[in-house]
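Remember, it's 1-based here, ligands and their atoms both numbered in the order they're listed. Here the structure is a predicted model, which is why all the values come from computation and not from measurement. Position 1 is the first residue of the sequence; numbering continues from there.
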Amino acid sequence: MLGCEYPIIQTAMGWVAMPELVAASSNAGAFGFLALATAGPKEAIEMMDQTLALTDKPFGINFHMFQPGADEIVQGVIDRKIKAVSYSRSPTPEFIKAFKEAGVICIPTVGALKHALKAEQLGADALVVQGSEGGGHTGSTPTTLLLSSVLENVKIPVVAAGGFRDGSGLAASLAWGASGIAMGTRFMMTEESPVPHKTKKAYLSADIENIKITKKFDGMSHRLIFNDYIAKIDRSNPFSLFIISITSAWKYKQLTKSSYLDLMKSFFAMLKGDDLTISQSVMSANSPAIIQKAMVEGSPDEGAMPSGQVAGLISNLPTCKDLIDQIMKEFSFAAANFKKIEKDSS
Ligand SMILES: Cc1cc2nc3c(=O)[nH]c(=O)nc-3n(C[C@H](O)[C@H](O)[C@H](O)COP(=O)(O)O)c2cc1C
């Protein structure tokens, strides 16, 4: 369906799935998704063109409906005959219709069965189903359970995501009935990934137990490496979260006057013992800058590192080609094992 050589998707990751990584993934036989949800429309169009200049293999883009200039991005995709789009919040039916008429494949990422059913009903051609082990924003059901429940309930092809890194994972997902695997963290930890080396080293030394979900970073369920900064946010009480949010607002100077007003409201709400929502929304406004601190500027200790738990099992930074070749070699080994077991038991 996607026109790639192997049943492997490189997923979108803000500031990581940039043209070089996407082209390297697609050139190696996988299917890369360009992360455009964190880009403005002009930058998004430039990134599509840069990727087209680096590969003649098919690739897709990830965006979301509510970002500024989403309609320009949609038109850019259609004009450039980009193969596929991914999203986690569904575009309106008109946009989906426009994609379908232009032959663009719609392959949203979902983290819960109800979202899978809704996405199929809205016209998705296939689904990436991400279990809770996965990096970035993630749900609460582990990949194995979510995958089998979605496979039992939808008719469109399903690609498994969350916790994959090798050929045995690919074999397992196909055995389950999925059409392939989608990986974020594993592709982020490659030579072509643009993440600065100091940050890649922090990922290489992360422990599986220390890559956890917190809702306090941006108000959503977000799986991140718990460095000291994120651990402090996760442990925060209303007072300390208020202080952290003020400090980060000051540091990143991204907030409008109304956000400072919100902070004052938060302060009084905190004194009254109300909930954390306003400090939380300030943290959320700053979260892109805090992620970029680690992923773009190369300061892992001061920033946030979205990560799948699988980073705890990854100890190298191969090229995309070596990674795909290795996965397919391991897959052949697993498939030969399946055949042997079948033969022995017949
Ligand atoms: C560093 C990082 C950034 C991510 N950014 C995005 C994003 O911008 N949009 C998105 O839909 N998913 C994002 N994700 C989720 C991935 O696309 C993917 O679904 C997830 O990483 C799969 O799980 P895995 O990390 O175990 O392979 C991100 C994940 C990571 C690790």
Side-chain angles (χ1 to χ4, degrees), residues 8-18 21-22 25 30-39 44 47 60-67 84-91 107-112 115 119 127-139 141-144 146-147 158-166 169-170 173 178 180-190 193-196 199-200 202-203 206 208 211-213 217-218 220-225 227 230 287-288 290-296 300 303-314 323 327:
I8 301 172
I9 284 177
Q10 166 256 299
T11 62
M13 293 169 278
W15 305 287
V16 177
M18 301 297 276
L21 178 60
V22 174
S25 307
F31 189 90
F33 273 101
L34 197 54
L36 300 184
T38 43
M47 283 165 67
I61 69 106
N62 172 269
F63 81 118
H64 72 78
M65 262 310 292
F66 308 103
Q67 72 187 91
V85 289
S86 88
Y87 43 84
S88 40
R89 278 175 281 180
S90 187
I107 173 161
T109 299
V110 295
H115 297 149
L127 296 172
V128 169
V129 169
Q130 178 179 329
S132 61
E133 305 82 318
H137 294 122
T138 201
T141 311
T143 301
T144 47
L146 183 62
L147 184 59
V158 168
V159 178
F164 293 98
R165 67 179 166 129
D166 60 16
L170 175 59
S173 80
I181 51 171
M183 305 185 293
T185 304
R186 179 60 277 196
F187 277 104
M188 190 255 299
M189 297 172 75
T190 57
S193 141
V195 174
T199 302
K200 282 185 188 164
Y203 276 89
I208 208 166
I211 305 171
K212 297 189 281 193
I213 293 179
F217 174 55
D218 61 5
M220 290 183 274
S221 232
H222 207 149
R223 191 178 285 287
L224 301 153
I225 295 180
N227 58 9
I230 296 296
S287 64
I290 302 172
I291 293 174
Q292 285 180 76
K293 192 90 200 158
M295 309 309 281
V296 180
M305 291 174 278
S307 178
Q309 282 185 286
V310 73
L313 301 176
I314 295 176
L323 172 65
I327 290 177

May I ask you to check if ligand 1 and [X] share an N or O to N or O distance below 3.5 Å?
| X | answer |
| --- | --- |
| G135 | yes |
| F164 | no |
| G184 | yes |
| T11 | yes |
| G14 | yes |
| A12 | yes |

For [X] and ligand 1, answer yes if some heavy atom of the residue is under 4.0 Å from a ligand atom, otherwise no.
| X | result |
| --- | --- |
| G162 | yes |
| Q130 | yes |
| A35 | no |
| N62 | yes |

Contact check, side chains of W15 and P194, non-hydrogen atoms, under 4.5 Å: no
Check: V16 and M295 side chains under 4.5 Å, non-hydrogen atoms: yes
Distance filter under 4.0 Å to T185 heavy atoms, resulting ligand 1 atoms: 21 (O), 24 (P), 25 (O), 27 (O), 31 (C)
Atoms of ligand 1 close to M183 [distance to a heavy atom under 4.0 angstrom, numbered from 1]: 27 (O)
From the candidates M13, R186, Q10, the one that places a heavy atom nearest atom 29 (C) of ligand 1: M13
Identity and distance of the protein heavy atom lying nearest atom 26 (O) of ligand 1: G163 N, 2.8 Å
Shortest protein contact, atom 1 (C) of ligand 1 (heavy atom only): P306 O, 3.4 Å
Of all the heavy-atom pairs spanning [X] and [Y], show the shortest one and how long it is.
| X | Y | answer |
| --- | --- | --- |
| G14 | T38 | CA-OG1, 3.6 Å |
| M189 | A311 | SD-CB, 4.0 Å |
| V110 | A119 | CG1-CB, 4.2 Å |

is_close_aromatic(H64, Y87), centroid dist under 6.0 Å: no
Donor-acceptor side-chain pairing of Q130 and T138 below 3.5 angstrom: yes
L224 vs F217, side-chain contact (heavy atoms from CB on, under 4.5 Å): CA-CA, chis, key distance, verdict: CA-CA 9 Å; L224 301 153; F217 174 55; 3.9 Å; yes
Distance in Å, L21 CG paired with F33 CZ, rounded so as to fall on 0.5 Å steps: 13.0 Å
Donor-acceptor contact below 3.5 Å, side chain E133 vs main chain T143: yes
